[in-house]
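Quick notes on the structure that follows.
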Amino acid sequence: MTPDKPRLRMAPSPTGSPHIGNIRTAVFDYLYARHTGGTFILRIEDTDRNRFVEGALEEMMYALRWMGMQWDEGPEAGGDFGPYFQSQRLDIYHQYADRLVEQGRAYRCYCTRERLEEMRKVQEAAKLPPGYDRRCRNLSKEESGTLAQENPNPVIRFAMNRDGTTELDDVVRGHVSFRNDLQDDFIIIKADGFPTYHFASVVDDHLMKITHVVRGDEWLSSAPKHVQIYEALGWQAPVWVHPSLILDESGKKLSKRSEAQTRFLSYIEDGYLPEAMLNFLATMGWSAGEDRKLYSREELIEKFALEGITNHPAIFDLAKLNDLQGEYIRMLAVEQLADMIQPRLQQAGYIGDSLAGDDISYLLRVTALIQDRLVLLNEAADMVSYFYSDEFEYDEKGARKHLAKDTTPAILKAVISKLSDVNSWTVGDIESAMRAVADDLAVKAADIIHPTRMAVTGRTWGPGLFELMEVIGKSRVVARLERCAGGL
RNA sequence: GGCGCCAUAGUGCAUCGGUUAGCACGCGGCUCUUUCAAGGCCGAGAGAGGGGUUCAACUCCCCUUGGCGCCGCCA
């Protein structure tokens, strides 16, 4: 193995559906690992049995793979540093926790939850900073024995340094310093024998030879805890990277409350493209130092650098995502787009499970017509509905505007008759015929075109009328015109 | 409340001591056009406030203000 190759991990806890912020962090991990030829690791932090959510891990893996960010080590990938589930590493944590206890850097705490709660109330009432009062930090053998009878399931707390400061250098924050007298003796092993995040992540990061810890800014406050554990165990701390958080439109941390916005899978369902999503997430909170919008995956990998990570929070801008999405949709080859749309049209019942030659070319022609206008894949079915179904309603406003005039019946009649004489049903000939109708009736082309569009599609907007008429076909177009004229 | 982080247009970024402060999204207008998009052109729009340092600060330092985050036997 090449020495000094960066090793980064994404360490989600399976407590819910993947969060957009987690995926963004993973993007940074992934991009840096790929940029440096390092290793991208997936580790599951399932140390909270109460919050475990069935299927959360599967959704996480699905999301990462959908983004094209396959991990090199972890669940379903294997690796030399497993197991990659913290719940399967309990003995390892205990081994190091015991070592810390022996060293005097950790201690068993027999305080009950009730006492802790009481203590917190008192602190709050006295407007004191909340935190454990260290009652169990210096217990004699006898005292421990007595307390053990009251509470046979003690937790293990880490004994934080009381003096001086804990300092660390962060790639995006620079040098950061924390006063030790304000630090709390936090729990490293819970009563159920499971480790807390603070402990498990440090032990695993060390054992898995993680070189760069990239995690949200929300973790910066607890970084001194981690730094002190590294010191106590005589381990070298990784390079710290704390990118800023992604905020919602109101400027708050994206939370479960804004589920529609944070749940990553909903973007997949809506039909965003992985490339657009990757481009968007990567350039939100990171910059290559240039005025540029579009980056392919390869360019992202080539240009990504930790130093380019921004140090201020970014507000999630859906309009910008949509703009990027549009760019990527338009970049697609028609065949690709058609493939992506196909399942959604099947779901809408417009096409069958397997398409024959003619159906395929029809789909391709339809797709070509909507490509410029399509943003989300899930809008496709509605957008192409009238190419597949003759049963459509007329847009109310459009009907009032374009079909309600006294002249409409005569216009439609003239269109029908002229179109019926068109032999070669091509865009050019259709257009000529339509314009001829306008000339014959001495009206503007628009006066012919709008009612015709309404009659043929039921809508006021869409692809070029002549193009769309060509694709729908002469007989269906004429039938629709007749139906419309007959209904007036 | 304590601690920590942050501060360029509405939003995302660029500029990192000397620029008419640049780009993109969004917004407004014009254009193309049968519509809607897309495209092209034009436009409005920013260095939170106050002190320093310096010949020179958006850029460095300090304070204030504001925003966010953390303060769980959750991660």
Restricting both atoms to N or O, compile the protein contacts to nucleotides 19-22 of chain B shorter than 3.5 Å, with distance only.
unit_1	atom_1	unit_2	atom_2	d
B:G22	O2'	A:D291	OD2	3.4
B:G22	N2	A:D291	OD1	2.6

Which is true for A:R435 with a 4.0 Å heavy-atom rule: it touches a base, it touches only sugar-phosphate, or it touches nothing?
sugar-phosphate

What is the nucleic acid contact for A:V176, judged by heavy atoms within less than 4.0 Å: base, sugar-phosphate only, or nothing?
sugar-phosphate

Any chance CD of A:Q123 has more than 12 other-residue heavy atoms, nucleotides or ligands included, within less than 6.0 Å?
yes

Students often get this wrong, so: under 4.0 angstrom with heavy atoms, is A:E117 touching a base, only sugar-phosphate, or nothing?
nothing

For A:G462, which contact category applies under a 4.0 Å heavy-atom criterion: base, sugar-phosphate, or nothing?
base

Interface polar pairs with nucleotides 37-48 of chain B, N/O, under 3.5 angstrom:
unit_1	atom_1	unit_2	atom_2	d
B:A37	O2'	A:D372	O	3.2
B:A38	O3'	A:R330	NH1	3.3

Would you mind building the protein contact string for nucleotides 69-75 of chain B? One character per nucleotide, 5' to 3', B for base within reach (heavy atoms under 4.0 Å), S for sugar-phosphate only, - for untouched.
BSSSBBB

Rounded C1' spacing from B:G40 to B:C32 in Å:
8 Å

Do A:D133 and A:R115 meet the salt-bridge criterion of a basic N to acidic O distance under 4.0 Å?
yes

With the threshold set at 4.0 Å, does a side-chain nitrogen-carboxylate oxygen contact exist between A:R435 and A:E431?
yes

For RNA chain B, which residues in residues 309-319 of chain A have a heavy atom at a distance below 4.0 Å?
A:T310, A:N311, A:H312, A:P313, A:A314, A:I315, A:D317, A:A319

Quickly work out the A:K303 NZ to B:A14 P distance and round it to whole Å.
14 Å

Salt-bridge criterion met for A:R113 and A:E117 (N-O under 4.0 Å)
no

Would you indicate what A:F178 reaches in the nucleic acid, counting non-hydrogen atoms under 4.0 angstrom: base, sugar-phosphate, or nothing?
sugar-phosphate

Regarding A:G398, tell me which of base, sugar-phosphate or nothing describes its non-hydrogen contacts under 4.0 Å with the strands shown.
nothing

For the P atoms, the ones on B:U15 and on B:C60, what distance do you get once it is rounded to whole angstrom?
12 Å

Dot-bracket pairing map - RNA chain B, Watson-Crick plus G-U, both contacts under 3.5 Å, | cross-strand
(((((((..((((....[...)))).(((((.......)))))....(((((..]....))))))))))))....

Under 6.0 Å between ring centres, would you say that holds for A:H198 and A:F186?
yes

Below 4.0 angstrom, which residues in residues 449-461 of chain A have at least one non-hydrogen atom near RNA chain B?
A:I449, A:H450, A:R453, A:T460, A:W461

I'd like the C1' distance from B:G47 over to B:G22, given in whole Å.
13 Å

